[in-house]
2 protein chains.
Amino acid sequence: MESREISQAVIRRLPRYYRYLGELLENGVERISSNDLSKRMQVTASQIRQDLNNFGGFGQQGYGYNVKYLYTEIGKILGLEEEHGMIIIGAGNLGHALANHAGFEKRGFVLKGIFDVNPTLKGMTIRGVPIYMMDELEDFMKNSDIEIGILTIPKAKAIEVANQLVDYGIKAIWNFAHTDLNLPDNVIVENVHLSESLMRLSYNISRYNEEHRAEK
Amino acid sequence: MESREISQAVIRRLPRYYRYLGELLENGVERISSNDLSKRMQVTASQIRQDLNNFGGFGQQGYGYNVKYLYTEIGKILGLEEEHGMIIIGAGNLGHALANHAGFEKRGFVLKGIFDVNPTLKGMTIRGVPIYMMDELEDFMKNSDIEIGILTIPKAKAIEVANQLVDYGIKAIWNFAHTDLNLPDNVIVENVHLSESLMRLSYNISRYNEEHRAEK
DNA sequence: TAGATTGTTAATCGATTAACAATC
DNA sequence: TAGATTGTTAATCGATTAACAATC
């Protein structure tokens with residue numbers, strides 16, 4: 001087993017490489033050097049080469065990287081070649097927004113169901129995906145191939161439902177609730193804490209204001 | 001001027017401290033040591049003390065940290081004592097979801113307007129906040145005190161509107177569009193790239209699957 | 001072949017952890 | 001006062017950048 005641990009810092013940058021390469025591809029760019037890419041992305045060329053070489057030598061000396069090839073390879077690394085079944089728990093505003101986001105589908109993320117407690121939603125669909133009641137969750141999980149559970153419910157419920165999902169064999173949770181989930185190691189958790197993002201924003205505003213006050 | 005630069009790593013953790021302290025406060029906990037907090041948050045006590053000491057000595061030897069005091073101080077650092085006027089550009093699903101999120105208000109983030117190009121939305125409101133047409137944006141910006149522009153529109157439009165907002169004097173942009181914004185240094189940008197978050201999730205699923213395959 | 005650019009090693013920089021004296 | 005726990009310095013670890021030989 002040669003699997004060396006890839007650092008989180010690298011993984012965080014990977015989707016961004018993927019995005020830039022996708023744009024280059026759309027623009028018909030065939031090849032790119034780490035140097036050119038570094039200028040567009042505002043990272044060092046050295047970092048790009050180091051990052052990519054974690055996964056293998058995708059480039060060619062004297063030539064650079066073939067955009068299409070690199071794009072495809074990073075896609076594979078990110079697991080975008082396989083299909084990932086998903087369910088959304090919580091058909092509120094955010095649940096709706098995510099359910100309506102068609103873009104996920106073309107990357108292999110297929111929404112198979114939406115769950116809520118509100119009985120008036122029963123039988124409705126969003127973009128063709130049915131809304132089920134929470135008491136149908138267990139059966140649904142048994143009979144469908146679901147890897148990812150998306151939690152768009154309040155934190156107290158989120159912790160409870162996360163544990164349920166783990167019991168039903170979920171592989172990963174995309175957590176939008178304002179809480180950390182302490183789940184077994186074999187369950188992957190990716191948090192999107194919007195309020196924390198907004199606080200970082202306001203931190204930076206405050207800092208900027210302070211600096212400017214100081215300048216006077 | 002003694003302003004030393006605080007690292008992004010520290011800033012990224014700050015809102016999480018704030019969240020945990022808020023919960024402790026709700027639970028009536030009066031004081032906490034870096035050691036106790038470290039166990040709850042799964043970070044080292046050393047890191048907590050280092051992080052906090054970037055901003056001043058909030059603790060007391062032999063006692064620990066007063067929860068309420070520390071909570072308040074971190075709130076100040078994060079700029080949650082001041083009011084921040086916000087507008088949302090894009091009254092789609094995500095725009096709706098954010099507009100309906102009442103929680104931001106109590107942290108000082110006040111939504112003052114929502115903008116869209118769809119004329120059928122004109123005059124409607126979300127949670128009491130009016131929806132305006134894009135051609136009203138300039139006037140609105142002149143007459144209201146808006147710090148934060150929230151972009152929930154497709155990437156091509158996002159770049160264009162971001163530049164407009166900069167012209168109108170916006171201070172910060174909370175960017176949900178799948179693109180980077182290259183704006184002047186004095187404009188703060190905080191990105192929420194949901195698709196990148198989802199890709200990190202699927203990367204981790206793939207890695208986990210590989211490891212397990214290897215185990216056999 | 002000569003020029004370009006990678007892959008990779010070494011050097012630097014920064015962030016995290018450990019340790020402990022200061023002090024409540 | 002004795003015990004607890006901070007604030008802070010020093011040691012370690014990891015990530016980024018620089019440099020350059022390998023090679024297309």
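Below, chains carry the letters A, B, ... as their sequence lines are ordered, and counting in each starts from 1.
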Watson-Crick or G-U wobble mate for D/dT12, both contacts under 3.5 Å = C/dA15

query = So, for A/Trp174 and A/Phe104, is the gap between ring centers shorter than 6.0 Å?
reply = yes

inquiry  = If you compare every side-chain N and O of A/Arg13 against the phosphate oxygens of D/dT16 (OP1, OP2), does one of them come in below 4.0 Å?
reply    = yes

Atom pair distance, as rounded to whole Å: CD1 in B/Ile6 and P in C/dT16 = 13 Å

ask   = Looking at the side chain of B/Asn53, which of D/dG7, C/dT6, D/dT5 is the nearest nucleotide?
value = D/dG7

ask   = Are A/His101 and B/His178 close enough that their ring centers fall under 6.0 Å?
value = yes

query = Roughly how many Å is it from CG in A/Asn35 to P in C/dG3, rounded to a whole number?
reply = 18 Å

query = A/Ile48 has an atom CD1; how far is it from atom P of C/dT6, in whole Å?
reply = 9 Å

message = Whether B/Arg49 contacts D/dT6 is assessed here as follows: a side-chain N or O lying under 4.0 Å from the phosphate OP1 or OP2. Is that the case?
response = yes

inquiry  = Please pick, from D/dT16, D/dG7, D/dT9, the nucleotide with the shortest atom-to-atom distance to any side-chain atom of A/Gln47.
reply    = D/dT16

key: Nearest-Å distance for atom pair CD/P, residues A/Gln50 and C/dT9   = 9 Å

query = To the side chain of B/Tyr65, which of D/dG7, C/dT6, D/dT16 is closest?
reply = D/dG7

query = Roughly, in whole Å, what's the span from CD1 in B/Ile11 to P in C/dA15?
reply = 10 Å

request  = Tell me what A/Ser46 touches on the nucleic acid: a base, only sugar-phosphate, or nothing, going by heavy atoms under 4.0 Å.
outcome  = base

note = The nucleotide from C/dG7, D/dT16, D/dT17 with an atom nearest the side chain of A/Gln61 is C/dG7

ask   = Taking for each residue the nucleotide of DNA chain D with the nearest heavy atom, is it A/Gly62 or A/Ser7 whose nucleotide lies nearer the 5' end?
value = A/Ser7

task = Please check if atom CZ in B/Arg40 has more than 12 non-hydrogen atoms from other residues, nucleotides or ligands closer than 6.0 Å.
result = no

inquiry  = Please confirm whether the ring centroid of A/Phe140 lies under 6.0 Å from the ring centroid of A/Phe115.
reply    = yes

task = Please figure out whether A/Asp51 or A/Gln60 has its closest DNA chain D nucleotide nearer the 5' end.
result = A/Asp51

query = Is the NZ or CZ atom of A/Arg31 both under 6.0 Å from the centre of the six-membered ring of A/Tyr63 and within 45° of that ring's axis?
reply = yes

key: Distance, rounded to the nearest Å, where B/Leu52 contributes CG and D/dG7 contributes P   = 8 Å

key: Distance below 4.0 Å between A/Ser34 side-chain N/O and C/dT6 OP1 or OP2   = yes

inquiry  = Just the rounded figure in Å: distance from P of C/dA4 to CD1 of A/Ile32.
reply    = 17 Å

task = Measure from CG on B/Leu70 to P on D/dT5 and round the result to the nearest Å.
result = 16 Å

message = From the set D/dT6, C/dG7, C/dT17, return the single nucleotide nearest to any side-chain atom of B/Thr44.
response = C/dT17

remark   = Answer for the Watson-Crick or wobble partner of C/dA4, both distances under 3.5 Å, is D/dT23

